[in-house]
Number of protein chains: 2
Amino acid sequence: MSEKRDVNSLLDLDFLQKLVVAIGEVAEITGVPTRKIRYWEEKGIISSVKEGEGATRRYDYLNIKKILLIQELMDEGFTLDAAAKKVENRMKNINEVFFRLVNNVQSNEEN
Amino acid sequence: MSEKRDVNSLLDLDFLQKLVVAIGEVAEITGVPTRKIRYWEEKGIISSVKEGEGATRRYDYLNIKKILLIQELMDEGFTLDAAAKKVENRMKNINEVFFRLVNNVQSNEEN
DNA sequence: CAACCGTTGTAATTAGGTTACAATTAACGT
DNA sequence: ACGTTAATTGTAACCTAATTACAACGGTTG
């Protein structure tokens, strides 16, 4: 069975981290308009990457997640800053879990 | 512990499926030039989605994976068609595994 | 009511993508 | 050697998407 290989191939988290998308796509995915996303970024609440000078921004999936979570909390009545703080804590957890997963996948690869 | 929630939040495969990126980004990720990607698509080997009429194409992560795998096989000496066929088989497996994972995550959610 | 928060509008500019037509390069069979 | 096919690349004209900066708006709070 080459199934383990297929699973690892599918859950290639290293690859997932490279998967960064343009702002229009993020707006489509999250339902948060581009203008708002840029505003949150101006305020330092989320962040994007720029490949080169004068290039367009790209958001990784952790930041997209963040946008979704913040929007959810704001819908519940949190202020932007409060929502951001709350999400920040959850993100720490998510990052930890993430690294643990990366390690698991890597040790499975050695079989 | 809200860890299970965080894991599910991280591995939100439903969300992952929405994560589609523009051709330039695919080129960056895979190292395969945009022109070549479009050529492979013309030949029907990979596929993209278009949101509306006259919009730009977007590739989901399974298709990006496909591009990577095909390029690898071609580097080993396979022809394009042979590589495509081989990858097609692996993709079937990957899709199966994928659906199984989606179901697992969903049943975990019921706890 | 003044100040702030969160958001949105828009115009001008730049970046990125599409299409179609054509050319190139290498391998394959006769 | 020759025509053929496979795989790729170049490019021009056109269209779509993103950026920046400046401004404005409605709601809330002191």
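Throughout, a chain's letter reflects where its sequence line sits, starting with A, and its residues are numbered from 1. Computed over heavy atoms, backbone and side chain alike; hydrogens, waters and symmetry mates excluded.
Closest to the A/Arg58 side chain, of the nucleotides D/dA7, C/dG16, D/dA18, is C/dG16. Listed nucleotides D/dA17, C/dT7, D/dA7 differ in distance to B/Leu80; the shortest reach to its side chain belongs to D/dA7. Counting only heavy atoms from C-beta on, A/Met74 has its side chain closest to C/dG6 among D/dA17, C/dG6, D/dG10. For B/Ala22, taking side-chain heavy atoms from C-beta onward, the closest of the listed nucleotides D/dA17, D/dT19, C/dG17 is C/dG17.
A salt bridge links B/Glu88 to B/Lys66: one of the charged nitrogens lies within less than 4.0 Å of a carboxylate oxygen.
Whole-Å rounding puts the A/Tyr39 OH to C/dG6 C1' distance at 4 Å. Per the geometry, CD1 belonging to A/Ile45 stands 10 Å off C1' belonging to C/dG6, to the nearest Å. Rounded to whole Å, atom P of D/dA6 lies 14 Å from atom CD of B/Glu42. For the pair B/Ile46 CD1 and D/dT8 C1', the interatomic distance rounds to 14 Å; values are reported in whole Å. The distance between atom CH2 of A/Trp40 and atom P of C/dC5, rounded to the nearest whole Å, is 16 Å. Between A/Glu53 atom CD and C/dT13 atom P there is a gap of 20 Å when expressed in whole angstrom units. D/dA7 atom P lies 12 Å from atom CD of B/Gln71, rounded to whole Å. A/Glu28 places its CD atom 15 Å from the P atom of D/dT16, with the value rounded to the nearest Å.
Of the listed residues (A/Glu42, A/Glu41, A/Glu25), just one forms a salt bridge (Lys or Arg N to Asp or Glu O under 4.0 Å) with A/Arg57, and that residue is A/Glu41.
Nearest-nucleotide mapping onto DNA chain D: of B/Thr56 and B/Lys43, the residue sitting toward the 5' end is B/Lys43. Between B/Ile23 and A/Thr79, the residue anchored nearer the 5' end of DNA chain C, judged by the nucleotide with its closest heavy atom, is A/Thr79.
B/Thr34 comes within 4.0 angstrom of nothing in the nucleic acid, heavy atoms only. Base engagement by B/Arg38 is indicated by at least one non-hydrogen atom pair under 4.0 Å involving a base atom.
Distances shorter than 4.0 Å separate none of the side-chain N or O atoms of A/Lys50 from OP1 or OP2 on C/dT14. The phosphate of C/dT18 has OP1 or OP2 within less than 4.0 Å of a side-chain N or O from B/Arg57.
Within 3.5 Å, a donor on the side chain of A/Arg35 pairs with an acceptor on the base of C/dT8, or the reverse.
Counting only heavy atoms from C-beta outward, the side chains of A/Val49 and A/Tyr59 never approach each other to under 4.5 Å. A heavy-atom distance below 4.5 Å is not found between the side chains of A/Leu19 and A/Tyr61.
With hydrogens and angles ignored, the 3.5 Å screen pairs no side-chain donor or acceptor of A/Asn63 with any backbone N or O of A/Ile46.
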